[in-house]
Amino acid sequence: DPLQLDGYESLESIGSGSYGLIRKVKRKEDGKILARKEIDYRKMSTKEKEQLVSEVNILKDLKHPNIVEFLERVIDRENCFIYILMEYCEGGDLASVIRRHKELLVHIGEEFIWSIMTQLVLALHECHCGMVINPDTKQATPRLILHRDLKPDNVFLDAKKNVKLGDFGLSRSLTNSQRTFAQTYVGTPFYMSPELISDSLYDTKSDIWSLGCVVFEMCALEPPFLADTQEELSAKIKLGRIPMLPPQYSQELNNVVRAMIQVNPRKRPSTGDLLANPRIKIISMQLE
Ligand SMILES: CNC(=O)c1c(C)[nH]c(/C=C2\C(=O)Nc3ccc(Cl)cc32)c1C
């Protein structure tokens, strides 16, 4: 009901997510700054509304330091708006960080890249391998959430440069029947995995492919696969050939990017495999 909205002072718009506008707001009672996703669902189909409900439910259950925190949702039935209140990420989105470095012709430091990769692996590990414990029965069930739209625009930084995976607009938590694979035909062209393009099935390894593309782009300041047409892009992605990273990056970083951007999903490391990588382990301990 709109009353709950009165508790917040609207500030400037800070971006647009998969469904609508994102606005900076200030909570009146304590002055806390938050981000509010404002979605006009008037024109949404039933399927889109169901997907929106599933996104909110996924986000509500996901509590992790590297996933944007969901605080509450307010439905304004009168004006067909849904407001999702989430933590404010002062550092903005990773796409802007990459764009700024590219404009200034300055590369992103290797340590920062390992730190961002580590935090994204931890966030994906929670999605892929995390468990939901039923508070009553103490029953643990695997989340098996696929993000399905991992890209620099959906990665955010807070004031302490902690990475927050956001915008689960296209995620799908897998029910038992879909346990192994999820049928899906969505995704951002640049980061689409080969299996997605050949209309086959999406699974956790497709998120790993996208993560590889994000890490590649942080190093090269452009995506690994670029083309003028979707057909050309699809052909390049199915080949999976990527250039070496710029010379200032280590062989280890080249190796981990190449491992994630393998055409064969089975050859790509899982989040568990990646967390076993010594370079990732050390930095993740600093995070604790
Ligand atoms: C130019 N925009 C920004 O710098 C910016 C800032 C300061 N924050 C954001 C975005 C979010 C933000 O601050 N909190 C969020 C929670 C969920 C999602 Cl999907 C996005 C955000 C953005 C895009």
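Counting convention: from 1, in listed order, for ligands and their atoms alike. Along the sequence shown, residues are numbered consecutively beginning with 1.
The proximity of Lys24 to ligand 1, defined as any non-hydrogen pair under 4.0 Å, does not occur for either the backbone or the side chain. Only the backbone of Glu87 comes within 4.0 Å of ligand 1, counting heavy atoms alone; no side-chain atom from C-beta on gets that close. Of all the heavy atoms of Cys89, the ones lying under 4.0 Å from any atom of ligand 1 are found in both the backbone and the side chain. Residue contacts with ligand 1 for Ile22 involve side-chain atoms from C-beta outward but no N, CA, C or O (heavy atoms, distance under 4.0 Å).
Applying the salt bridge (Lys or Arg N to Asp or Glu O under 4.0 Å) definition to pairs two or more places apart or across chains, those involving residues 257-278 are Glu195-Arg268.
Tyr8 is not connected to Leu11 by any chain of hydrophobic side-chain contacts under 4.5 Å among Ile, Leu, Val, Met, Phe, Trp and Tyr, and they are in different clusters. Tracing side-chain contacts under 4.5 Å through hydrophobic residues (I, L, V, M, F, W, Y), one reaches Phe81 starting from Leu5; they form part of the same cluster.
Residue Ala35 has no N or O atom closer than 3.5 Å to an N or O atom of ligand 1.
Interface of Glu90 with ligand 1, defined as ligand atoms under 4.0 Å from a residue heavy atom, comprises 7 (C). Taking a cut-off of under 4.0 Å to the non-hydrogen atoms of Met86, the atoms of ligand 1 that pass are 16 (C), 17 (C).
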Show your reasoning for whether side chain to side chain contact (heavy atoms under 4.5 Å, CB included) applies to Leu157 and Lys164. CA-CA 6 Å; Leu157 295 160; Lys164 307 279 178 174; over 6 Å; no
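Evaluated for a side-chain hydrogen bond (donor to acceptor under 3.5 Å, both in side chains) with Ser10, the options Arg36, Glu38, Arg23 yield exactly one hit, Arg36.
Using cut-offs of 30° and 60° for the angle between ring planes, the Tyr249 and His107 rings count as perpendicular.
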